[in-house]
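These figures come from a predicted structure and were not determined experimentally. All values below come from the heavy atoms of this structure, side chains included, with hydrogens, waters and symmetry mates left out.
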Amino acid sequence: MRPEIFEKAQAIMQNRRQNVIVENNRRIDEVNEKIPEIRAINDELFNTGKKIIGIIRAGGADVQQKIEKLKQENLGAQDYSRSLLIRNGFPDDYLNIHYNCEKCDDTGYCNGEMCECFKQLCGKLEADEINKHSNLELSSFDTFELSYYTGDEHNMMKRIFEYARNYAEKFTPASNSILIYGKTGLGKTHISLAIANRILEKGYSVLYDSVVNMLHKIEEEHFSYNHKAEMMNLIMQTDLLIIDDLGTERETAFYNSTIYNIINTRLNYRKPVIISTNLDYDEILTNYDERIVSRLTTQYVTLQFCGKDIRWQKKNEKNKRY
């Protein structure tokens with residue numbers, strides 16, 4: 001993990017924790033003003049530590065009994081405090097601190113190890129850095145134009161569009177994987193980016209990159225002096241992986257095994273992948289070995305894009321205007 005990503009994630013975690021504490025203090029002030037009796041109860045509970053120290057220092061044969069009695073009194077006071085909250089229209093846990101992560105209390109660490117929430121945040125920040133080089137912000141479902149498709153092709157593309165939009169709206173980290181294929185200029189990248197945008201808006205992590213860039217980064221790390229695997233870890237951890245332009249990579253044993261590893265591992269962990277390619281069905285069968293083809297054709301939802309090159313249509317319209 002790059003130091004700058006780690007530091008940025010730490011700052012975000014600290015900010016999250018601080019915001020929760022500030023919000024809890026605001027709630028305490030609100031309740032103390034509206035229910036003075038609770039302020040008195042909380043003051044008593046706050047002094048529990050001092051009372052226990054006093055009991056221990058005083059000594060005697062009944063130290064444990066006195067501490068147990070104090071404990072029961074505190075539990076009773078807490079129950080009474082919760083009943084007062086409910087009577088005054090507040091939830092019974094209104095004064096509890098509600099951290100974003102209950103495992104680590106927004107510290108980023110649990111039992112001396114990095115918490116899963118911190119790992120996920122670092123992965124999202126890494127993915128965001130990679131996604132900066134794509135046109136994520138330029139594509140949405142609202143800007144996808146079905147008017148460029150006609151006849152049966154229009155009906156087919158309308159069904160694909162509706163499936164993609166529904167997929168994005170109902171997305172979970174266990175959603176189906178999708179293979180998008182068809183000739184260039186038919187809107188495959190636009191739909192992929194629109195899905196990515198909507199899923200990012202829902203708070204999930206998305207990694208979007210071309211197959212060439214992705215494989216190049218993995219190759220660089222794999223054959224580096226330190227034999228790192230940061231890119232591969234990121235690929236495996238992200239909620240949704242989108243691989244663009246499958247088939248444009250060089251045909252090497254390392255690349256083929258890496259593609260298989262990505263596809264197979266994410267399927268095993270039920271983590272979705274969206275793959276787009278300009279290859280047609282027969283070219284996919286020709287270009288990739290049986291293990292990859294089997295998984296793409298039997299375990300992925302396949303969406304075949306059809307129609308005429310939209311970029312060519314737009315260019316033709318522009319020429320006619322001038």
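Considering NE2 of H154 and OH of Y149, their distance stands at 10.0 Å, rounded to 0.5 Å. Separating the SG atom in C104 from the OH atom in Y99 is a distance of 10.0 Å, to the nearest 0.5 Å. With rounding to the nearest 0.5 angstrom, the OG1 atom of T286 is 11.5 Å from the OH atom of Y281. For the atom pair K103 NZ and C110 SG, the distance stands at 7.5 Å (nearest 0.5 Å). In this structure, CG in N233 is found 12.0 Å from SG in C122, a value given to the nearest 0.5 Å. One distance of note links CD1 of I35 with OH of Y94; it measures 10.0 Å at 0.5 Å rounding.
One finds no salt bridge joining K183 and D280 here, because no Lys/Arg side-chain nitrogen approaches an Asp/Glu carboxylate oxygen to under 4.0 Å. Residues K217 and E220 are not paired through a salt bridge, judged by the lack of any N-O separation under 4.0 Å between the basic side chain and the carboxylate. Salt bridge status for E116 with K119: present, with a side-chain N to carboxylate O gap under 4.0 Å. The existence of a salt bridge linking E169 and R165 is excluded, since no basic side-chain nitrogen approaches an acidic carboxylate oxygen closer than 4.0 Å.
By the neighbour-count criterion of 12 heavy atoms within 6.0 Å, atom OH of Y269 is sparsely surrounded, having that number or fewer from other residues, nucleotides or ligands. Enclosure of atom NZ in K202 by more than 12 non-hydrogen atoms of other residues, nucleotides or ligands within 6.0 angstrom is indicated. The number of heavy atoms from other shown groups lying within 6.0 Å of CG (D93) is above 12. Environment of CG in N111: sparse, with no more than 12 heavy atoms of neighbouring residues, nucleotides or ligands closer than 6.0 Å.
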*V31 vs L84, side chain to side chain contact (heavy atoms under 4.5 Å, CB included): CA-CA, chis, key distance, verdict*: CA-CA 10 Å; V31 169; L84 285 173; over 6 Å; no

*Take I195 and I191 through the side chain to side chain contact (heavy atoms under 4.5 Å, CB included) test and state the conclusion after the steps.*
CA-CA 6 Å; I195 291 172; I191 285 292; 4.0 Å; yes

*Start with the C-alpha distance between N261 and M236, add both sets of side-chain angles, then the distance that settles side chain to side chain contact (heavy atoms under 4.5 Å, CB included), and finish with yes or no.*
CA-CA 10 Å; N261 184 31; M236 295 307 180; 4.2 Å; yes

*Which is it for F6 and F118 under the ring-ring contact (aromatic ring centres under 6.0 Å, His included) test, yes or no, and what are the steps along the way?*
CA-CA 9 Å; F6 181 81; F118 190 78; 5.5 Å; yes

*Begin with the C-alpha distance, continue with both residues' side-chain angles, and end with the deciding distance and a verdict on side chain to side chain donor-acceptor pair (under 3.5 Å) for S205 and D239.*
CA-CA 5 Å; S205 61; D239 294 325; 3.2 Å; yes

*Criterion salt bridge (charged side-chain N to carboxylate O under 4.0 Å, His left out) on E201 and R198, from CA distance to verdict*: CA-CA 5 Å; E201 288 173 0; R198 183 67 190 103; 3.1 Å; yes

*Check the pair I284, T277 against side chain to side chain contact (heavy atoms under 4.5 Å, CB included), reporting the backbone distance first and the verdict last.*
CA-CA 9 Å; I284 294 172; T277 178; 4.1 Å; yes

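K34 pairs by the salt bridge (charged side-chain N to carboxylate O under 4.0 Å, His left out) definition with E30, not counting sequence neighbours. Every residue two or more places apart in sequence or in another chain that forms a side-chain contact (heavy atoms from CB on, under 4.5 Å) with R295 is listed here: Y260, I263, N264, L267, R291, Q299. Applying the side-chain contact (heavy atoms from CB on, under 4.5 Å) test to D92 and every residue at least two apart in sequence or in another chain returns R82, I86. Applying the side-chain contact (heavy atoms from CB on, under 4.5 Å) rule to N287 yields the partners L279; only residues at least two apart in sequence or on another chain are considered. With sequence neighbours left out, T258 forms a side-chain contact (heavy atoms from CB on, under 4.5 Å) with L215, I218, M232, F254, I262.
Residues K271 and L241 form no side-chain contact, since every pair of their non-hydrogen atoms from C-beta on lies 4.5 Å or further apart. Side-chain contact between V212 and D245: absent, with no pair of heavy atoms (C-beta onward) separated by less than 4.5 Å. The closest side-chain heavy-atom distance from V22 to N25 is not below 4.5 Å. Inter-residue side-chain proximity for E162 and N166 is flagged as unmet; no heavy-atom pair is nearer than 4.5 Å. Y148 has its side chain out of reach of K308: every pair of non-hydrogen atoms, C-beta onward, lies at least 4.5 Å apart. Residues P272 and R266 are in side-chain contact: their nearest non-hydrogen atoms beyond the backbone lie under 4.5 Å apart. Contact check for V301 versus L303: side-chain heavy atoms found under the 4.5 Å cut-off. Using a 4.5 Å heavy-atom cutoff, the side chains of D244 and V211 are not in contact.
Under a 3.5 Å cut-off, the side chain of D289 and the backbone N or O of I292 do form a donor-acceptor pair. N24 places no side-chain N or O within donor-acceptor distance of the main-chain N or O of V20, the cut-off being under 3.5 Å.
Heavy atoms only, all atoms of each residue included: K188 and S276 are closest at CB-CB, 4.5 Å. Of all non-hydrogen atoms in T297 and V293, the two that sit nearest each other are OG1-O, 2.7 Å. The shortest non-hydrogen separation linking A196 to V206 is CB-CG1, 3.9 Å. Here the shortest heavy-atom pairing between N278 and E283 reads O-OE1, 4.2 Å. Residue F141 comes nearest to A168 through the heavy atom pair CE1-CB, 3.9 Å, listed as atom of the first residue, atom of the second, then distance. Closest heavy-atom contact between L200 and Y204: CD2-O, 3.6 Å.
Cluster membership check: L85 does not share its hydrophobic cluster with I97, using side-chain heavy-atom separations under 4.5 Å among Ile, Leu, Val, Met, Phe, Trp and Tyr. Linking ILVMFWY residues whenever their side-chain heavy atoms come closer than 4.5 Å, directly or via other members, leaves I21 and M13 in distinct clusters.
Side chains of T143 and H190: a donor on one and an acceptor on the other come within 3.5 Å.
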If you look only at distance, which donor and acceptor atoms sit under 3.5 Å apart when one is on a side chain in residues 171-182 and the other is two or more places apart or in another chain?
residue: T172; atom: OG1; partner: A174; partner atom: N; Å: 3.2
residue: S175; atom: OG; partner: T172; partner atom: N; Å: 2.9
residue: S175; atom: OG; partner: T172; partner atom: O; Å: 3.0
residue: S177; atom: OG; partner: V273; partner atom: N; Å: 2.9
residue: Y181; atom: OH; partner: Q304; partner atom: OE1; Å: 3.4

